[in-house]
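What you see below is based on every heavy atom in this structure, not just the backbone, and it leaves out hydrogens, waters and symmetry mates. All values derive from a computational prediction rather than experimental measurement.
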Amino acid sequence: MSPLVLSDADLAASELGRKRRAGVTVADVKADAVADLFADFATARADGRSDLMQLIRDHAYAIDPALVDELDGFDYPAAA
């Protein structure tokens, strides 16, 4: 789970929390979620956890089906 979720919950009732939430866009949140997916996928792959990789792929598909293709090819050398 992202540590931002907990810190946002802690700050929600404060003035600082209201300012933070006002400055965050939906695009920012989606970009952070996608970045977290790639980081989690890389960790699962390095650990040899194909079961976890499949769960992450399923979650990525729910966000954007094109992300699955990006996950499948993100750690391979680019074609010249």
Could you give the side-chain donor-acceptor pairs of residues 59-71 under 3.5 Å, partners two or more places apart or in another chain?
| from | atom 1 | to | atom 2 | distance (Å) |
| --- | --- | --- | --- | --- |
| Asp64 | OD1 | Ala66 | N | 3.1 |

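- Once rounded to the nearest 0.5 Å, the distance linking CG of Asp32 with CG of Leu37 reads 11.0 Å.
- Residue pairs meeting the ring-ring contact (aromatic ring centres under 6.0 Å, His included) criterion with at least one partner in residues 28-56, sequence neighbours excluded, are Phe38-Phe74, Phe41-Phe74.
- Residues in residues 37-55 take part in these salt bridge (charged side-chain N to carboxylate O under 4.0 Å, His left out) pairs, two or more places apart or across chains: Arg45-Asp75, Arg49-Asp51.
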